[in-house]
Each structure stands twice: as C-alpha cells, then as structure tokens.
Amino acid sequence: MARDSSSTIQWPNQPVVVAPRLLSKPIFLRAMRVDDAQPLLNLVNSVVVEKQYLRATEPYSLEAIERFLQFTQNTNNIMLVAEYDQQIIAWLDIIAAKDAPKRGMLGMGVAKAFRNQQIGRQLMSEALAKATGILTEVQLQVYQTNTHAITLYRRFGFIEVDSEAGILTMAKTLPESYYPEC
C-alpha cells in the first residue's frame, strides 16, 4: 500500500501517525475503543449542536454512545478515531447493515477547530483500506449543502445514488484490493 512520508500504516496493532501541515504535533489514527465513550460523546455532541452536518437534532447521552460502541464491536464494522494531543478530534465509522452484512453505512465528523486539515481524508483512506475485503459497498448520507464533504466523498469514488429532502445518498463499490488515489 503506497504511503507518502507524512503517514505510516501499521494495522491493526499500532496507530497510524499523520502529520498535517498546520499542526505542531502528530495526529494518531487508531481503532475506536469502548473506553472512548466520554470523549467521543463530547465530540459528537459538539458537531450535533452545529445543526449542519449530522441528522441528529438533540445531543446524545453517554449511555447511547456506550450502547453504540458495545453494539458495533464486531469484525464487519470499521471504527476509527483521530487523536491530537491525547484528545479525540475526529471519528469515522462504517457499520455493516443487519440485512446485508457486506454493505456498510459510513458516518464521520471532525471537530470544528481541526477541519480543512485533511484529517477526514486520512480517516477515509484508512477506513476504506480496512473495509476492503470485508465489505463490498459503502453508503453514506450527506446534506446537499455540505459541499466540502461531498467533494471529499467524490474524490474517493463515491457516486450519487439518491437525493431526497436535501439529503444526498452516495455509494462506493469496494474493489478486491485498495490503493488510495487521493
């Protein structure tokens, strides 16, 4: 798997180290853990209250995040976080569909202070690499007004498959092997 000099991949035991140009310390990408519940709750709710990126309209409870993390601990789910200075600053999850375990639904978010620094791109690259061989398709939904995210998804080969009430559904068929093109 090709990598530039600012990142390394060492799945599954070691985190990925990313060195964005604008930050003074490295960012670590790693698998999400059950004990990430409280910091993940804080991050997710900070994105929820912006009311621009997630469909949720009310903050989540700690219990809901803990149930989600417990529920998603199986091999067909891809669960990643990005850490900066020991703080979770982004997440990406691909959850396998109950009725079609080879199809996953992607969700992600980046803390406001860390946007536009290619963290989402790094998470996406790692998640799709990990999903290859596990899943055959990844879908996502995004607000049509979220043009930055739509541009990112298109760069990774997602195509529009549906549009309804301001929500765009996009999908990507995964190859048998994955080499990042972005």
Side-chain angles (χ1 to χ4, degrees), residues 1-4 6-7 9 11-12 15-16 18 20-21 27 29-32 40 43-44 46-48 50-57 68-69 71-72 74-82 88-112 114-182:
M1 188 174 306
R3 292 282 178 226
D4 63 36
S6 68
S7 67
I9 184 162
W11 280 99
V16 177
V18 183
R21 295 179 295 270
I27 292 175
L29 307 184
R30 64 166 174 80
M32 197 179 295
L40 184 62
L43 174 59
V44 170
S46 75
V47 177
V48 167
E50 290 182 71
K51 298 186 186 278
Q52 296 181 58
Y53 305 107
L54 300 179
R55 293 181 77 176
T57 57
F68 172 75
L69 290 172
F71 171 76
T72 57
N74 80 52
T75 57
N76 283 5
N77 294 322
I78 312 300
M79 310 285 290
L80 303 175
V81 294
I88 293 178
I89 60 165
W91 83 91
L92 187 148
D93 55 71
I94 303 175
I95 308 302
K98 289 180 184 178
D99 61 336
K102 292 287 190 177
R103 186 182 74 233
M105 183 61 98
L106 184 144
M108 68 183 295
V110 178
K112 191 173 190 173
F114 292 90
R115 293 181 188 148
N116 301 313
Q117 298 188 50
Q118 299 188 10
I119 297 165
R121 184 181 74 79
Q122 291 288 340
L123 280 168
M124 183 71 74
S125 181
E126 296 304 323
L128 292 176
K130 190 156 178 65
T132 299
I134 298 171
L135 301 172
T136 58
E137 182 183 65
V138 176
Q139 294 183 350
L140 60 88
Q141 292 186 320
V142 59
Y143 285 114
Q144 290 176 332
T145 56
N146 192 349
T147 56
H148 288 296
I150 293 168
T151 299
L152 172 71
Y153 302 143
R154 286 181 178 149
R155 284 184 182 149
F156 278 93
F158 283 84
I159 59 169
E160 301 169 16
V161 295
D162 193 21
S163 176
E164 185 177 322
I167 303 290
L168 186 63
T169 301
M170 301 178 82
K172 175 180 177 66
T173 300
L174 296 178
E176 290 185 27
S177 63
Y178 180 75
Y179 298 95
E181 299 171 6
C182 297

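All values below come from the heavy atoms of this structure, side chains included, with hydrogens, waters and symmetry mates left out.
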**Asked** Has the side chain of Ser125 got a donor or acceptor atom that lies under 3.5 Å from a matching backbone atom of Gln122?
**Response** no
**Asked** Among Asn146, Val142, Val138, which residue meets the side chain to side chain contact (heavy atoms under 4.5 Å, CB included) test with Tyr153?
**Response** Val142
**Request:** Carefully, step by step, assess Ile78 and Ile134 under the rule side chain to side chain contact (heavy atoms under 4.5 Å, CB included).
**Result:** CA-CA 9 Å; Ile78 312 300; Ile134 298 171; 4.2 Å; yes
**Heavy-atom check, side chain of Trp91 versus side chain of Leu80, under 4.5 Å** = no
**Asked** If we only count heavy atoms from C-beta on, is the Asp93 to Asn77 side-chain gap below 4.5 Å?
**Response** no
**Set of residues satisfying salt bridge (Lys or Arg N to Asp or Glu O under 4.0 Å) with respect to Glu137, sequence neighbours excluded** = none
**Prompt:** Do Ile95 and Phe68 have side chains that get closer than 4.5 Å, going by heavy atoms?
**Reply:** yes
**Message:** The test is side chain to side chain contact (heavy atoms under 4.5 Å, CB included); show your working for Met124 and Leu106 and say whether it passes.
**Reply:** CA-CA 10 Å; Met124 183 71 74; Leu106 184 144; 3.7 Å; yes
**Asked** Do Leu135 and Leu174 have side chains that get closer than 4.5 Å, going by heavy atoms?
**Response** yes
**Complete:** Closest non-hydrogen atoms of Phe114 and Ile89, given as atom of the first, atom of the second and distance, are CE1-CG2, 3.5 Å
**Message:** Can a donor-acceptor pair be found, under 3.5 Å and without considering hydrogens, that links the side chain of Arg121 to the backbone of Leu152?
**Reply:** no
**Side-chain donor or acceptor of Lys172 paired with backbone N/O of Gln139 under 3.5 Å** = no
**Asked** Who passes side chain to side chain donor-acceptor pair (under 3.5 Å) against Glu160, sequence neighbours left out?
**Response** Arg154
**Asked** If we only count heavy atoms from C-beta on, is the Arg30 to Val81 side-chain gap below 4.5 Å?
**Response** yes
**Request:** Might you point out which heavy atoms bring Ile88 and Leu40 nearest each other, and give the distance in Å?
**Result:** CD1-N, 4.4 Å
